[in-house]
Asker: 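One structure, pasted below without further comment.
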Amino acid sequence: MTIKRLFEEAERLLSEAGLKGVKISSPRSPEFGEAYTPYPFEEARRSGGNPLELAEKIASRLGRGELIGRVEAAPPGYINFYADWKKFSEYTLREVMRLGARGYGGSSEGEGKVILVEHTSVNPNKALHIGHARNVYLGDTLARIFAKTGHRVYVLNYVDDSGAQMASVILGFLELKMPMEAPTGVRFDEYCGDQVYVEVSRRVEADRSLEERLRALAKRIEDRSSEEFRYARLVADKVLANQLLTCWRLGARYDLLFRESDVVVSGLWAKTFNLLLEKGIIYLAREGANRGCWCVDLSSHPTLSKEGDEILVKSDGSTTYVARDIAFALWKLGESDVKITGKVWGRNLDNTPITITDTESGSPITLPKPHMVLTVVGSEQRRPQEVVRYVLSRLGVDGGRYVHYSYERVSLSPESARRLGLETAEGKAVQMSGRRGIYFKADEVLDELKRLAAEEVRKRHPYWPGERVDEVSEAIARGALRYSILKSEAEKTVIFDLREAMRLEGDTGPYIQYTMARSYRILEKARDAGIEAKPTPYGDLASEEWMLTRSISFLPQVIETSAKTLRLRQLITHSREMAVHFNEFYEKCPVIDGGEAAPFRLALVQAYITAQSSAMELIGIPVLQEM
RNA sequence: GGGCCCGUAGCUCAGCAUGGAUAGAGCGCCGGCCUUCUAAGCCGGAGGUCGCGGGUUCGAGUCCCGCCGGGCCCGCCA
């Protein structure tokens, strides 16, 4: 496939010259060609020769390829392979045309492999803030990449409807008698998070006795026959329905909503507990700080052993998050025979059904045994995730199948924190906190972005109907936020700055969207002018034409690497690179008035649209034909 | 104290997985380009001891060790 074909050719030329298994890499600059090998350096080390002389000798021995136009030795000792621009661009354009946006960049790499991606997993007691949005964006993009590379992907959202956070809002409703209806014009999830949860947290902090009641409530929520259980379900379902509206707006889709409470209710936990007991992995603490608790013995773990054993069952008999997560992990991995039942909850925007666990009236949920379970969870949960992985390995489950996709949190820049009325220590970022009400909600940020985008759209299209302005500015807002959050690699803390996220120029989602609008306009004008696309170059290529073709040809390899390394950033960088080269091409190479160049350039524009659509689909930036 | 992550231009970030050829963008700043396919764009300029110190190597921003600075975890929270 495109650039890969060129690599294969370079390999073939080298092996024909007697050099087998030589490493071929992508050069960081086009002046060094489309492929290179530092092989002469290795050879020189072995034989003590001069790398450059060796490179020259090897290069002169190499034959011609079909797509490789020339091979050159370059100081201090590389061998560079240069594509034959004309042949290679025709080949690339034909490939792109043949495969289309769906197929281009895809592969069958993951054929026959099932991957389960768990993301979102927000307590159903609040609206999503931008920290949650990062989780959704990462998980959703990973799922898209896996699907593109031929995997069967199932997306799970673990609905954390047990534990203290859930108990907090129930406490607010049942004991502090806060109204169970949101004020008019306010969404229920926002009301729960912004008002109930924050207020209850404030009161608990002020009144220690409430802490006891909170703990008791958390336990009663686990009892399916209790009134509190019913209330928790009611509230959780209502909030969840609201949260999913946000998730869809962020571009996500789900196959299964798994209620955390069902881990206990379904008997999955009980069965897991017995298994752990049987295998001697857990023990009942008779004395010490953990007296009365069931714990995992971590004494033989290389690092966790220093931090004491992990509690799975509290002294009051209720489970901890880690306990539930171990049971859930076993089920996700297809290593538990406990039947989980569910029913259809609704449909995603793409019309695929969403199932939700339901122990009362559902039918059995069956997932194929996955090759990998990827859990997108913040880095602060590294320890508990490692405990889960460790317990799995002690149960004889291959720990490599259970992957914690960790990411650093989103903090607020001092300027943005000030907008929330917070004092900040000189120049320091501020941690978000749902409990203390310090956060930007995903929807409010999207709304602000949308307002800004709408202003710009109206400037350019004063006669567009409001509906159209709304639709386009929404797409711009979605692209802008998704890009700005995904721009940072997962292991880096995102310092969220509202003004920075609101930019529509430069290194942003809208920059890429804009190039698509420009190319669609060319298509339209070309149609009117009766120009027909031809992938055969009209003569020697202009460097802008070549650079655009070249970046298009690299896309499949970039996608493949992203799927392998789970690094999303390189895909984002590449999408932007294609856009930059398109803009340069756009400035220098007229299509409509391109004369004899017009048919080839039109084919190139088409190829750009196809390739960039493919990339944007993966990143989750909406494609606009006009903006 | 122990463990994990981060430290590259004034700011926000690429590059590190697989060491290699002059360290790249964007924002901001300075200066140009709209009778020509949407200027949400393009071109040019200024701006860098790649946190510090060692080590490995023909070669280190990239690998190893130490230190410094920032974040997170070490809860009968999740």
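Please read all numbers here as calculations on a predicted model, not as lab measurements. Each chain gets a letter, A, B and so on, in the order its sequence line appears, and its residues count up from 1. Hydrogens, waters and symmetry mates are skipped; everything else that's a heavy atom, side chains included, is used.
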Asker: Of the nucleotides B:rA39, B:rA14, B:rC5, which one has an atom closest to the side chain of A:Tyr514?
Answerer: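 It is B:rA39.
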
Asker: Give me the distance, rounded to whole Å, that separates B:rC72 from B:rU18 when you measure between the P atoms they each carry.
Answerer: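 Each nucleotide's P atom is 30 Å from the other's.
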
Asker: Hey, is A:Phe32 doing a stacking thing with B:rA21, by the 5.5 Å centroid and 30° angle criteria?
Answerer: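 One would call A:Phe32 stacked on the B:rA21 base.
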
Asker: Which whole number of Å gives the distance between the C1' atom of B:rC30 and that of B:rA46?
Answerer: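 One C1' to the other, the span is 7 Å.
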
Asker: Quick test: give all pairs of protein nitrogen or oxygen and nucleotides 72-78 of chain B nitrogen or oxygen below 3.5 Å, distance rounded to 0.1 Å.
Answerer:
residue : atom : partner  : partner atom : Å
B:rC76  : O2   : A:Ser315 : N            : 3.0
B:rC76  : O2   : A:Ser315 : OG           : 3.0
B:rC76  : N3   : A:Ser315 : OG           : 2.6
B:rC76  : N4   : A:Arg291 : O            : 3.2
B:rC77  : OP2  : A:Lys314 : NZ           : 2.5
B:rA78  : OP1  : A:Arg324 : NH2          : 3.0
B:rA78  : OP2  : A:Tyr321 : N            : 3.0

Asker: I'd like to know if the side chain of A:Tyr608 pairs up with that of A:Thr515 as donor and acceptor (distance under 3.5 Å, no hydrogens or angles considered).
Answerer: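 Short answer, yes.
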
Asker: What nucleic acid atoms does A:Cys295 come within less than 4.0 Å of, heavy atoms only: base, sugar-phosphate, or nothing?
Answerer: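 Answer is nothing: A:Cys295 stays at 4.0 Å or more from every strand.
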
Asker: Please give the distance between the P atoms of B:rC73 and B:rC64 as a whole number of Å.
Answerer: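 The answer is 26 Å between these two P atoms.
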
Asker: Between A:Lys588 and A:Ala490, which residue's closest nucleotide on RNA chain B lies nearer the 5′ terminus?
Answerer: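 In this pair, the answer is A:Ala490.
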
Asker: Hey, which sits more toward the 5' end of RNA chain B by its nearest nucleotide, A:Met627 or A:Pro76?
Answerer: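 Nearest nucleotide further toward 5': that of A:Pro76.
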
Asker: In whole angstrom, give the distance that lies between atom CD of A:Glu42 and atom P of B:rG59.
Answerer: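 It works out to 16 Å between those atoms.
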
Asker: Output, in order, the C-alpha distance, side-chain angles, deciding distance and verdict of salt bridge (charged side-chain N to carboxylate O under 4.0 Å, His left out) for A:Glu489 and A:Arg567.
Answerer: CA-CA 7 Å; A:Glu489 207 52 92; A:Arg567 285 172 192 232; 5.2 Å; no

Asker: For the residue pair A:Arg518 and A:Tyr586, would you count it as a cation-pi contact if the rule is NZ or CZ under 6.0 angstrom from the ring centre and within 45 degrees of the ring axis?
Answerer: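 Yes, cation above the ring, under 6.0 Å and within 45°.
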
Asker: B:rC16 and B:rG7: how far apart are their C1' atoms, nearest whole angstrom?
Answerer: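 Going atom to atom, C1' in each nucleotide, I get 14 Å.
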
Asker: Between the base of B:rA21 and the side chain of A:Asn80, is one N or O donor paired with an acceptor at under 3.5 angstrom?
Answerer: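 In this structure, the two groups form a donor-acceptor pair.
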
Asker: C1' atom, B:rG28 versus B:rG10: distance in rounded Å?
Answerer: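 That atom pair is separated by 8 Å.
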
Asker: Using a cut-off of under 3.5 Å, enumerate the N/O to N/O pairs linking the protein to nucleotides 6-11 of chain B.
Answerer:
residue : atom : partner  : partner atom : Å
B:rG7   : OP1  : A:Lys492 : NZ           : 2.9

Asker: Heavy atoms only, 4.0 Å cut-off, all strands: where does A:Glu489 land among base, sugar-phosphate and nothing?
Answerer: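 Sugar-phosphate contact only.
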
Asker: Cation-pi check for A:Tyr511 against A:Arg576: NZ or CZ below 6.0 Å from the six-membered ring centre and within 45 degrees of the axis, yes or no?
Answerer: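 Yes, A:Arg576 sits over the ring of A:Tyr511.
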
Asker: Is there a side chain to side chain donor-acceptor pair (under 3.5 Å) between A:Asp309 and A:Tyr283 once you walk through the steps?
Answerer: CA-CA 10 Å; A:Asp309 293 344; A:Tyr283 68 94; 2.5 Å; yes

Asker: What integer number of Å spans the P atoms of B:rU12 and B:rG51?
Answerer: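 It comes out at 15 Å once rounded to the nearest Å.
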
Asker: Ignoring hydrogens and geometry beyond distance, is a side-chain donor-acceptor pair present between A:Ser318 and A:Glu222 at under 3.5 Å?
Answerer: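 Side chains of A:Ser318 and A:Glu222: no pair found under 3.5 Å.
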
Asker: Would you say the side chain of A:Arg28 and the base of B:rA21 hold a donor-acceptor pair, judged only by whether the two atoms sit under 3.5 Å apart?
Answerer: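 Absent.
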
Asker: For residues A:Ser162 and A:Glu260, is any side-chain donor paired with an opposing acceptor at under 3.5 Å?
Answerer: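 Side chains of A:Ser162 and A:Glu260: pair found under 3.5 Å.
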
Asker: Base, sugar-phosphate, or nothing: which does A:Ser406 touch, judged by heavy atoms less than 4.0 Å apart?
Answerer: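 The residue A:Ser406 makes no contact with any strand.
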
Asker: Checking A:Gln165 against A:Lys126: is there a side-chain donor and acceptor pair closer than 3.5 Å?
Answerer: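 Yes.
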
Asker: In whole Å, I'd like the distance from the OH atom of A:Tyr511 to the C1' atom of B:rA39.
Answerer: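 For the pair A:Tyr511 OH and B:rA39 C1', the rounded distance is 12 Å.
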
Asker: Quick check: closest heavy atoms across A:Val377 and A:His404, and the distance to 0.1 Å?
Answerer: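 Answer, listing the atom of A:Val377 first, then A:His404: O-NE2, 2.8 Å.
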
Asker: Quantified in whole Å, what is the P atom distance between nucleotide B:rC29 and nucleotide B:rC11?
Answerer: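 Straight-line distance between the two P atoms is 16 Å.
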
Asker: Can you check the A:Gln570 CD to B:rG24 P distance for me, whole Å?
Answerer: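 After rounding, the gap between these two atoms is 19 Å.
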
Asker: Can you tell me, in whole Å, how much space there is between the P of B:rG61 and that of B:rA9?
Answerer: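 Nearest-Å result for B:rG61 against B:rA9 at atom P: 15 Å.
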
Asker: Over 60° means perpendicular and under 30° means parallel, so classify the ring planes of A:Tyr158 and A:Phe258, tilted if in between.
Answerer: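 The rings of A:Phe258 and A:Tyr158 sit tilted, inter-plane angle from 30° to 60°.
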
Asker: Could you state the CG-P distance from A:Leu604 to B:rC37, rounded to the nearest angstrom?
Answerer: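 Whole-Å distance recorded here is 19 Å.
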
